[in-house]
Amino acid sequence: MKLLVTGGLGFIGSNFIRHMLSAHPDCQITNLDKQTYAGNPENLKEFKKNSHYTWVKADILDRKKVDACMSRVEAVVHFAAETHVDRSILDSGDFIRTNVLGTQVLLESAKASGVKRFVHVSTDEVYGSKETGDSREEDVLLPNSPYASSKAASDLLARSYFVTYGFPVIVTRSSNNFGPYQYPEKAIPLLITNALEDKSFPLYGDGLQVRDWLYVLDHAKALDTVLERGVPGEIYNIGGTRSCANVDLVKNILNLMNKSESLIQRIPDRPGHDRRYALNCDRLRALGWKPRASFEDALRQTIGWYKQNKPWWSKIKSGREYRTYYKKQYVREGRLAVRH
Ligand code: NAD
Ligand code: TYD
């Protein structure tokens, strides 16, 4: 299969490309990625000379470059996005540009070139906070952060291309991912890398917000399943194997790392912080997928990966972009800097 992946230099995209090249040796992948702060060519460096993989450095808003990539492929898996909720609270501009307008450019280009399948990678955050029970694909979307709102806009736009034009779009909504190559601004890699250096982890509010955790390789396999057997026009929730409160997750990881719980630094809550996400995944399970990774094993493997790949994350954390972001973040949170 000839596949266009957008945002393949990021966390989930790079894990997905690695999975596809190993599970489908005949697959030909073009990775369209602008290389923002979150895009890292190091994530796929072993495929640099692989004839089945090409990276095109381009913005998804650049219609000419998008068209050139689109003309060579049969299917698209669209990951490219601004993804960090805290950054969207500081400034939502790039979130609207990339997540909303960029998705529109991709959909137009893919429709014009007769792409056979377009998988739009969305998130459980589009449902908003789910105090009890679980979110189903037909539920009303009530996003609360600028990030989630921009994802909801693109999610609904993608769906509208199926309804209006019969264009074969499939939308997936996954829960919180974790695993190797995740940028150390997200909760789990921030906690692990800080703890490895005996630095504190800033825990928002009472820490009782509940997230559903999905190992990134299970997500990659779910997208592979959807690409092969998903029904055009359908939406699929993709959930993980562990639902837990942030404070319990943080204590669990610190215990696995033999680190003291005194590394937990309580800070004021994130504005608009969703209390709980939970997904019903019956529809995807009916296609034959289920998450395979045991949560504890996957956490141990993830901790092991960050231990073994210190040069990967210390280069990011000592970089100017990262430090500038955290300076702004500390000002917003009104707290003194923890050293990152
Ligand atoms: P990430 O931030 O690690 O990577 C995003 C990638 O997109 C980067 O490589 C970046 O360079 C690229 N990109 C950003 N703007 C671009 C643009 N204008 N043009 C081209 N490339 C651009 O993201 P991630 O965590 O891997 O998330 C991937 C997708 O999965 C996103 O759409 C996100 O909303 C969705 N998602 C993520 C999670 C999660 O837990 N991380 C959960 C559910 C859904
Ligand atoms: P995050 O990884 O940012 O994912 P999301 O906000 O998309 O769910 O955060 C996961 C949870 O951890 C979320 O409830 C916010 C919380 N959190 C903290 O308490 N402190 C932090 O420094 C970060 C980044 C997140």
Side-chain angles (χ1 to χ4, degrees), residues 5-16 31-41 43-44 55-62 65-66 77-89 94-95 97-99 101-103 105-106 120-126 129 144-145 147-148 150-151 154-155 172-179 181-191 194 200-214 216 219 223 237-240 244-247 249-250 264-267 269-270 272-277 279 326 329 333 338 340:
V5 173
T6 71
L9 294 185
F11 163 49
I12 308 174
S14 61
N15 278 288
F16 174 73
N31 171 17
L32 190 147
D33 195 301
K34 177 185 173 180
Q35 195 186 356
T36 65
Y37 79 92
N40 190 345
N43 296 2
L44 291 171
W55 168 32
V56 176
K57 185 172 179 171
D59 194 318
I60 57 168
L61 282 145
D62 184 337
K65 287 189 181 157
V66 168
V77 182
H78 173 35
F79 295 94
E82 290 296 333
T83 61
H84 192 37
V85 172
D86 289 327
R87 288 188 189 245
S88 81
I89 295 169
D94 283 344
F95 287 75
R97 275 188 288 278
T98 291
N99 302 2
L101 301 177
T103 299
V105 170
L106 283 173
H120 175 77
V121 180
S122 187
T123 165
D124 60 358
E125 301 195 27
V126 297
S129 203
N144 290 313
S145 70
Y147 162 68
S150 69
K151 290 297 291 186
S154 57
D155 175 316
T172 62
R173 297 178 183 151
S174 100
S175 56
N176 283 63
N177 284 220
F178 70 101
Y181 299 100
Q182 187 167 27
Y183 194 85
E185 65 187 352
K186 305 282 166 50
I188 289 185
L190 179 66
L191 169 63
N194 278 10
S200 60
F201 172 78
L203 182 69
Y204 280 132
D206 61 9
L208 296 179
Q209 304 81 8
V210 172
R211 295 292 182 268
D212 171 68
W213 291 99
L214 171 68
V216 66
H219 191 183
L223 293 171
N237 286 342
I238 310 176
C244 62
N246 291 338
V247 67
L249 175 78
V250 169
I264 300 172
Q265 180 195 12
R266 301 272 183 174
I267 62 163
D269 209 354
R270 172 193 270 174
H273 199 173
D274 283 329
R275 206 63 187 158
R276 178 174 176 270
Y277 302 131
L279 292 176
Y326 273 102
Q329 184 66 4
E333 288 166 355
V338 270
H340 280 291

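Source: prediction; values computed, not measured. Numbering of ligands and ligand atoms starts at 1, following listing order.
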- Note on the structure: For Y147, the ligand 1 atoms with a heavy-atom partner under 4.0 Å come out as 33 (C), 34 (O)

- Close-contact set for ligand 1 against G7 heavy atoms, below 4.0 Å: 6 (C), 7 (O), 9 (O), 12 (C)

- Task: Please identify each residue that fulfils side-chain hydrogen bond (donor to acceptor under 3.5 Å, both in side chains) with R266, with sequence neighbours left out.
- Result: none

- Would you call D59 a ligand 1 contact, heavy-atom distance under 4.0 Å? yes

- Message: I'd like to know whether ligand 1 has A58 as a neighbour, heavy-atom separation below 4.0 Å.
- Response: yes

- Note on the structure: Contacts for ligand 2, heavy atom under 4.0 Å, by chain and number, are H84, V85, D86, E125, N176, E185, K186, A187, L190, F201, P202, L203, Y204, R211, N246, R270, H273

- Contact check: S122 vs ligand 1, nitrogen or oxygen atoms, below 3.5 angstrom: no

- Any N or O of K34 closer than 3.5 Å to N or O of ligand 1: yes

- Query: Given that the side chain starts at C-beta and the backbone is N, CA, C, O, which of these parts of N176 lies under 4.0 Å from ligand 1, counting heavy atoms, or is it both or neither?
  - Reply: backbone

- Message: F178: which residues meet the ring-ring contact (aromatic ring centres under 6.0 Å, His included) condition with it, sequence neighbours left out?
- Response: Y215, F295

- Message: Which residues pass the ring-ring contact (aromatic ring centres under 6.0 Å, His included) test with H219, not counting sequence neighbours?
- Response: none

- What orientation do H78 and H120 show, parallel under 30°, tilted 30 to 60°, or perpendicular over 60°? tilted

- Message: Using a 3.5 Å distance criterion without hydrogens, assess whether the side chain of T6 forms a donor-acceptor pair with backbone atoms of F79.
- Response: yes

